[in-house]
Amino acid sequence: MTLDFPVIFLLPTNLGADELHELEEQIPTLTYDINEAEVILGNVHRKQRVLFELRKHKLVTEEISTTETDEPTSPSLKRRRFQTPGSVITEDSDTASDGDFHPLLTQSTQSTLKAAPTTVKVVKLAWFTESLKAGTVLPIEDYTLYRGRKQQSKPAKLQQASPAKAANIIKRALADPKPSSHGSRPGSSHSTTSHGRRDHFITKAPALLHMTTSEHEVELPPIPAYLHTTYACQRPAPTHPPNEPFIEELTKIRTARTLLGDKIGVRAYSSAIAALISYPYLLQSAFEVARLPGCGLKIAQLYQEFREQGELQEAKEDESDPRLAVLKLFHEIWGVAETTAREFYNKGWRDLDDIIEYGWDTLTRVQQIGVKYYDEFQQKIPRAEVESIANIILEHANKIHPGFQMVIVGGYRRGKLASGDVDVVLSHPDKAATRGFVEQIVVALEQSNYITHTLILSTANTERGQEPVAWKGNEKKSGTGFDTLDKALVVWQDPHWTTGEKKNPNPHRRVDIIISPWKTAGCAVLGWTSGTTFQRDLRRYCKKERSLKFDSSGIRSRADGTWVDFESGPNGEPAPDMLTAERRVFEGLGLEWRPPEERCTG
DNA sequence: CGGCCGTACTG
DNA sequence: CAGTACG
DNA sequence: GCCG
């Protein structure tokens with residue numbers, strides 16, 4: 001008995017290999033060309049997923065509302081398609097360039113369009129399996145997740161774009177932005193090898209671009225090779241990128257997301273910001289934005305708005321939101337993050353005095369310190385003072401045990417003219433010298449009256465990550481466990497003053513003292529120098545591309561937990577100094593070394 | 001749709 | 001355990 | 001919000 005099914009394309013998503021194969025056997029009208037399908041069958045249950053699948057398979061459709069009849073194109077369609085968020089456009093669609101059919105953009109699917117049906121339904125898998133069970137083709141409507149009309153006719157000419165219209169154009173054209181919109185000039189320096197999907201070539205921007213940007217021809221500059229990666233640790237990120245004003249606006253939005261506890265939003269904006277920081281040209285168009293890693297439709301639209309208005313409405317609203325202003329104030333207290341900031345706000349508190357008056361006893365120890373020195377911690381620390389503080393720490397270290405080396409890390413090392421705090425990494429070639437050293441140095445600096453408070457003392461003990469399996473093979477060099485990376489986060493105040501006042505006028509400073517065993521000092525320096533996004537992407541890169549686990553106290557294999565030593569020399573001899581060790585870590589990870597000034601990912 | 005850095009201290 | 005910190 |  002063969003049931004009378006329509007032509008079916010089967011989505012492999014969410015199907016095991018066996019399951020997939022079995023279904024393929026069972027479908028009498030199976031096609032392997034999605035363009036031929038009348039019905040797309042999939043183990044999916046939500047429309048959002050459907051849209052994703054269609055995009056993935058580069059099938060361009062426009063959703064048909066449930067009230068609309070299937071077949072002939074209704075006259076109202078043209079308007080609607082400018083507004084339908086579900087509209088899916090790909091590089092293979094002539095509509096993506098609005099009739100300016102671009103031969104270079106089309107490859108495979110277009111040739112099949114002529115014989116293809118004009119509409120397609122995406123249907124839950126159950127429709128098919130239950131039809132089989134019932135021995136009859138069940139009504140498809142109950143299982144339909146999505147009905148779409150395939151895009152093949154060109155719409156009417158588009159005139160000079162109004163801003164609102166331009167936004168929609170961008171939206172449509174960027175619905176599947178990456179393959180079609182990142183151009184590069186033939187003969188530009190970067191090659192097309194090894195960067196996968198971002199290396200399609202087009203000689204100039206799609207026609208739409210011109211309508212949305214300017215009257216004259218604008219060729220997009222080539223994307224630098226290093227922007228073909230989503231890892232910020234593979235790109236230079238200068239302190240003052242050409243698009244800083246736009247980046248500042250995005251940073252305002254990110255700040256608001258931070259205060260609202262939207263960690264994922266923060267990550268998203270951080271990725272976009274990091275890519276924009278690495279972009280060496282002044283932006284000209286939204287398409288230029290959308291082809292950057294971490295930048296999609298939303299960021300491109302925001303750029304468009306920025307270009308037209310010089311500011312972002314969302315950023316403006318965030319800045320003038322009184323609640324966010326209070327949350328920001330509270331969030332800037334050391335020891336208070338978004339949850340506690342919100343708690344304070346919900347108690348009706350609006351400033352530091354409220355906290356002191358109504359909540360002092362509910363604060364943790366470190367929060368009390370954070371409130372007490374709120375103003376002083378807000379002050380930036382000039383480079384000269386950073387150096388002076390660091391040198392005092394090094395002197396004390398060498399008084400306890402000569403031979404310590406130090407690198408001032410953090411924002412200072414990245415070149416900032418003034419820092420929020422002081423970060424130093426101390427290490428010593430003698431393994432015995434660093435063990436338990438953090439307590440000694442803190443005590444010494446307390447006794448000399450430099451350290452007034454200790455916020456966190458981390459003596460994360462030497463036993464860590466001793467995977468049972470890690471025992472296979474006597475890995476010659478590093479052998480087993482590295483020692484711990486200890487740290488002290490302290491409050492610092494220079495106890496010397498000359499002005500004859502009775503009270504010490506010197507500001508309290510936040511100082512982070514990190515003690516690393518020599519063997520992993522390169523990781524420590526690398527981990528404590530780079531900006532946050534560089535750091536997160538470095539870890540993500542290690543995980544996804546190298547199956548390694550990076551943190552500032554060492555690198556481990558994810559397979560068996562063994563420690564990986566990139567820092568020692570070819571014969572296992574220790575690195576000559578910490579900066580050499582850092583370079584070796586870059587090298588060992590397969591990353592190009594970057595000077596600290598180029599790790600300013602925000 | 002699932003993922004988004006990894007670790008340690010505090011209470 | 002949740003919250004916070006560090007880059 | 002973006003990526004795979």
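Side-chain atoms are counted along with the backbone in the values below, which use heavy atoms only and exclude waters and symmetry mates. Chain letters run A, B, ... following the sequence lines, proteins first, then strands; residues in each count from 1.
Residue A:K543 is classed as a sugar-phosphate contact, given heavy-atom separations below 4.0 Å to backbone atoms only. The residue A:D262 sits apart from the nucleic acid: no heavy atom pair falls under 4.0 Å. Counting non-hydrogen atoms under 4.0 angstrom, A:S552 reaches nothing in the nucleic acid. Contact annotation for A:R254: no contact, since no heavy-atom pair falls under 4.0 Å across all strands. Residue A:D423 is in sugar-phosphate contact alone, with no base atom involved, counting any heavy-atom pair closer than 4.0 Å across all strands shown. As judged by a 4.0 angstrom heavy-atom cut-off over every strand, A:L457 is placed among residues touching the sugar-phosphate backbone only. Among the heavy atoms of the strands, none lies under 4.0 Å from A:V409. Counting non-hydrogen atoms under 4.0 angstrom, A:F550 reaches the backbone sugars and phosphates but no base. Heavy atoms of A:R599 sit nowhere under 4.0 angstrom from any nucleic acid atom. Residue-level contact check: A:S271 touches neither bases nor backbone, having no heavy atom under 4.0 Å from any strand. Within 4.0 Å of A:G335, counting heavy atoms only, lie sugar-phosphate atoms of the nucleic acid but no base atom. Contact annotation for A:R413: no contact, since no heavy-atom pair falls under 4.0 Å across all strands. A:I333 comes within 4.0 angstrom of sugar-phosphate atoms only, judged by non-hydrogen atoms across all strands, and of no base.
When the side-chain nitrogen and oxygen atoms of A:R540 are compared with OP1 and OP2 of D:dC3, none of them lie within a distance under 4.0 Å. The phosphate of C:dC6 (OP1 or OP2) has a side-chain N or O of A:W334 nearer than 4.0 angstrom. Put simply, A:S458 has a side-chain N or O that comes within less than 4.0 Å of OP1 or OP2 on B:dC9. Contact check, A:R556 against B:dT7: a side-chain N or O comes under 4.0 Å of OP1 or OP2. Taking 4.0 angstrom as the limit, A:T532 places none of its side-chain polar atoms (N or O) nearer than this to OP1 or OP2 of C:dC6. OP1 or OP2 of B:dC5 has at least one side-chain nitrogen or oxygen of A:R267 nearer than 4.0 Å.
One interatomic measurement links the two molecules: CZ of A:R536 to P of D:dC3, which rounds to 16 Å at whole-angstrom precision. The CG-P distance, from A:L250 to D:dG1, rounds to 12 Å in whole Å. The distance from atom CD1 of A:I514 to atom P of B:dA8 is 15 Å, rounded to the nearest whole Å. Remark: P of D:dC2 and CG of A:L302 are 9 Å apart, rounded to the nearest angstrom.
Using a 3.5 Å distance cut-off with no hydrogens or angles, the side chains of A:Q405 and A:S427 do not pair a donor with an acceptor. Counted by atom type alone, A:Y541 and A:Q234 present zero donor-acceptor pairs between their side chains at under 3.5 Å.
Ion pairing of A:E597 with A:K416 is absent here, as no side-chain N (NZ or NE/NH1/NH2) approaches a carboxylate O to less than 4.0 Å.
Proximity note for A:I264 (side chain, C-beta onward) versus C:dG7, D:dG1, C:dA5: the nearest is D:dG1. With D:dG1, C:dA5, C:dG7 as the candidates, the nucleotide lying closest to the side chain of A:Y269 is D:dG1. If you check B:dG11, C:dC6, B:dG6 against the side chain of A:K549, the one that comes closest is B:dG6. When the nucleotides D:dC2, C:dG3, D:dC3 are ranked by their closest atom to the side chain of A:T340, C:dG3 comes out on top. Checking B:dG6, D:dG4, C:dG3 against the side-chain heavy atoms of A:T339 singles out C:dG3 as nearest. Relative to the side chain of A:I299, the nucleotides B:dC9, D:dG1, C:dT4 differ in distance, and D:dG1 lies closest.
Aromatic ring orientation, A:F534 versus A:F586: perpendicular (interplanar angle above 60°, classes split at 30° and 60°).
The same atom, P, is picked in B:dC5 and in D:dC3; the two are 15 Å apart, to the nearest Å.
Side-chain contact check for A:K328 versus A:T258: every heavy-atom pair is 4.5 Å or farther apart.
The aromatic ring centroids of A:Y303 and A:F246 lie less than 6.0 Å from each other.
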